[in-house]
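Only this structure's heavy atoms are used, side chains among them; waters, hydrogens and symmetry mates stay out. Just so we're on the same page: letters track the sequence lines, and every chain starts at 1.
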Protein chains: 4
Amino acid sequence: MGEVKSKRMPRAVRERQMLDAAVRTFGRRGYRGASMDEIADLAGVSKPLVYLYLNSKEDLFTACIRREAAALTAAVRAGVDPTLPADRQLWEGLLAFFTHTAENPDGWAVLHLQARTTGEPFAAEVHAMREEIVTFVTQLIGDASRAGRRDRELPLQEAAALAEALVGAAESLAAWANTTPGVPARQAAGTLMNFAWAGLGGLMEGRPWTPPERAQIPVAAG
Amino acid sequence: MGEVKSKRMPRAVRERQMLDAAVRTFGRRGYRGASMDEIADLAGVSKPLVYLYLNSKEDLFTACIRREAAALTAAVRAGVDPTLPADRQLWEGLLAFFTHTAENPDGWAVLHLQARTTGEPFAAEVHAMREEIVTFVTQLIGDASRAGRRDRELPLQEAAALAEALVGAAESLAAWANTTPGVPARQAAGTLMNFAWAGLGGLMEGRPWTPPERAQIPVAAG
Amino acid sequence: MGEVKSKRMPRAVRERQMLDAAVRTFGRRGYRGASMDEIADLAGVSKPLVYLYLNSKEDLFTACIRREAAALTAAVRAGVDPTLPADRQLWEGLLAFFTHTAENPDGWAVLHLQARTTGEPFAAEVHAMREEIVTFVTQLIGDASRAGRRDRELPLQEAAALAEALVGAAESLAAWANTTPGVPARQAAGTLMNFAWAGLGGLMEGRPWTPPERAQIPVAAG
Amino acid sequence: MGEVKSKRMPRAVRERQMLDAAVRTFGRRGYRGASMDEIADLAGVSKPLVYLYLNSKEDLFTACIRREAAALTAAVRAGVDPTLPADRQLWEGLLAFFTHTAENPDGWAVLHLQARTTGEPFAAEVHAMREEIVTFVTQLIGDASRAGRRDRELPLQEAAALAEALVGAAESLAAWANTTPGVPARQAAGTLMNFAWAGLGGLMEGRPWTPPERAQIPVAAG
DNA sequence: GATGAATGAGAGTTCATTCAT
DNA sequence: GATGAATGAACTCTCATTCAT
């Protein structure tokens, strides 16, 4: 015996196989470049079964987006301890984010590259997830601001713009880290944390942000 | 009277019309989502003429990428005065970049969103342009570092990673500024300049980077 | 009732229908003149199904050539008894050849007219089959020569050239017999056999080749 | 000085250039495979000029057929001396035929391969020319028959069928001689003359047809 | 007389999607 | 529950043909 012909599997399992195949195919070929044939083949099922379970290409893509978005936000949430100070929370969130995207490159490609370029029904889906993260970061920045010097608290809109920049930088660095060999998640997170917290100015003046516990987080390599 | 049927135009003019239409269509629909029919219609010509002048969909897309990449780098180069100090150069470059992308949203979409997701022949084309910019920013960071405190000069690899983060942040902010109404190029550039130069830490401690001339560049609104 | 919509047939049957339609269409219109639409219509199926089963126009044409070439050589081989003397073998081969081409005019047109004019991938396919036949005839001529007067055995090259002429004459006569009404296969074979074996000189001197069994094979009609 | 831009040529010359280009292109690509663009390019003129002079692709192809057919029949006619005995006339005709087709391979391809496979308006054009030649050969065979033994004169229909076979063999040998290197026109004509006049039987019994002294065959070279 | 500019019509091919079994 | 059979619609690309200059 063996799994040569593993027919008659419970629906949930089959569905997961299909989504796995779809995420991989959409992530590499894009929405239009991916064909239902290829996805069905990769999932090891017939095409009509894909339609029976997932209705249409649109629905299938949406299901991929939702699953991957949920997985990413869950991973980040799970990595952050909300009782810690803001900078520590940010550090942990970044670490979780870079780790998850590195481990799920196809899922990340679906979210970051493909869903955003394929047009409205899908872009909105991703936008919602992103908004959640940006809001979280905005709050973090606000908290840190209040906990810092009292002279000048950052107004909300300013904090939002900064959160946008920070999240954008993280997204770009994730793509860069996934593409460039030898750049682990921890290092990407370190680079960005330094950049964000100390700024170029601070870095050049020898005042880097210092990560917790593991004393040395090198900015790039060395 | 009336330009109802403005036929028979010199080749150069028609070609520009076609590229304009193609950039707009590719930018909004993506490479595969765009149809040559739609492009020809939008350009006001017949499909065969598009093929006569631009050869194929691939060639047309490549021509779009090249034109837009050249326009963007030209705009940034024109905006920067290489005799100024590094932070001023960065500021001017960002301003030029945000201004140009705001004025050419479709061109920017082609470069940033579509070309990178459509696969190798095209992604490489954009990668070359981006590399040029990243190198420029890396040098800027290096220069600033050498001009600052001598205690610790940033190593090249560190500067490169920071440049990557900075460029990535700029790219993301450009998309954000183009999408969010009421965020002009100047403000996007200001936010990013502050973020990069002072860092969140610096900002929260009331040490923002101060832009030249026009005394106050508020981070977000104001 | 009625077979108005006889859908859902097994693949093998559909494939044969498609090949039949393709042979007919290619035979009459030529490779380029035939459209996949027409072939699909004639086969009673939709175009995508033709592509699903036969891949491309090129592959479809190649499949036609192979099928018809195999059928023709099989028919000739089946008609010839290799234990008989050379002239009897030639007679039987010609008879089988003219009979088969008369019964499959479209297949013969594909092989003789269309495949040879459509360019290299296809011409080579037919050339191989023809070579087989020419070789067979060359051997026959050589055998007959050895069995005849010993004064002068035909050298191989001469036999090959004669075989070429004989096969060429047969091909031309096949087209003529197929086009001219009232010229049955048996008569075409008789004419050629006389021409080949006795030559014009022998015929005019009243020394025709005499076919076996059925005493009288008239040269043309009568 | 210099023919760099040899514009403004008399119509007759331009037309000949176009026909030359057309014969070459049609001969190699076939009617449908040849594009008016390629023909105009090869002729060194613009496409509208081709249309101005030759009206349409159909007309152009017809013009090619007519010109090449006229040239071929003229060459054969010029090679034959009608005062000689029948076998000598046949020999001279074959020699002229093989010589002309060897010297005009594209023209021969248009007549023999392309025009016959492209469908009715064109096939009829070639058929007429061929009929002329077949009739000529039929007469030759009849003459020879009457001049030979009186026992049995060949009936007309028999002579016609033999003429058909002879012409068919000649056509096939022409293609073979043009394709096979090292087979000059004289040899092809010799092979066929032997085949036709003596027959395989006669050849094998050592009674070949003997060509006239080489001296007075001025058809090809000398 | 000669041509650059332009197109209507149709070709091969692919794909998301649905029955009938 | 699962699939082999089948298709409507759309897409890229080409070609013969014609104006306007």
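At its two ends the helix from E:dA2-F:dT21 to E:dT21-F:dA2 runs along axes set 20° apart, each axis drawn from five pairs and the angle rounded to 10°.
Scanning all heavy atoms of the two residues, the minimum distance from C:Arg116 to C:Leu111 falls at CG-O, 3.4 Å. Taking all atoms of both residues into account, the shortest heavy-atom contact from A:Phe26 to A:Cys64 is CD1-SG, 3.9 Å.
In summary, D:Arg66 and D:Asp59 do not engage in a salt bridge, as defined by a charged side-chain N under 4.0 Å from a carboxylate O.
For the atom pair A:Thr118 OG1 and B:Arg32 CZ, the distance stands at 11.5 Å (nearest 0.5 Å).
Across the protein-nucleic acid pair, C:Asp59 atom CG and E:dG12 atom C1' stand 13 Å apart, rounded to whole Å. The CE-P distance, from B:Met9 to E:dT7, rounds to 12 Å in whole Å. Taking atom CG of C:Leu52 as the reference point, atom P of F:dT3 lies 16 Å away to the nearest angstrom. The distance from atom CZ of B:Arg29 to atom C1' of F:dC11 is 15 Å, rounded to the nearest whole Å. Remark: P of E:dG1 and CD of D:Glu15 are 13 Å apart, rounded to the nearest angstrom. One interatomic measurement links the two molecules: CG of B:Leu49 to C1' of E:dT7, which rounds to 9 Å at whole-angstrom precision. Whole-Å rounding puts the B:Gln17 CD to E:dA5 C1' distance at 13 Å.
Judged by distance alone, the side chain of C:Lys57 and the main-chain N or O of C:Ser35 form no donor-acceptor pair under 3.5 Å.
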Under 4.0 Å protein heavy-atom contacts per nucleotide of nucleotides 15-21 of chain E, with B for base, S for backbone only and - for none: BSBBBB-

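For the pair C:Arg11 and C:Tyr53, the cation-pi test (distance below 6.0 Å, angle within 45°) is passed.
The side chain of D:Tyr53 contributes no N or O atom lying less than 4.0 Å from OP1 or OP2 of E:dG1. Close to F:dA6, at under 4.0 Å from its OP1 or OP2, lies a side-chain N or O of C:Arg14.
Aromatic ring pairs are classed by plane angle as parallel below 30°, tilted from 30° to 60° and perpendicular above 60°; the pair C:Phe122 and C:Phe61 is perpendicular.
Residue B:Arg130 qualifies as enclosed at atom CZ: its count of foreign heavy atoms under 6.0 Å is above 12.
Looking at D:Met18 and D:Ile39, their side chains never come closer than 4.5 Å, going by heavy atoms from C-beta outward.
Nucleic acid contact class of C:Arg11 (heavy atoms, under 4.0 Å, all strands): sugar-phosphate only.
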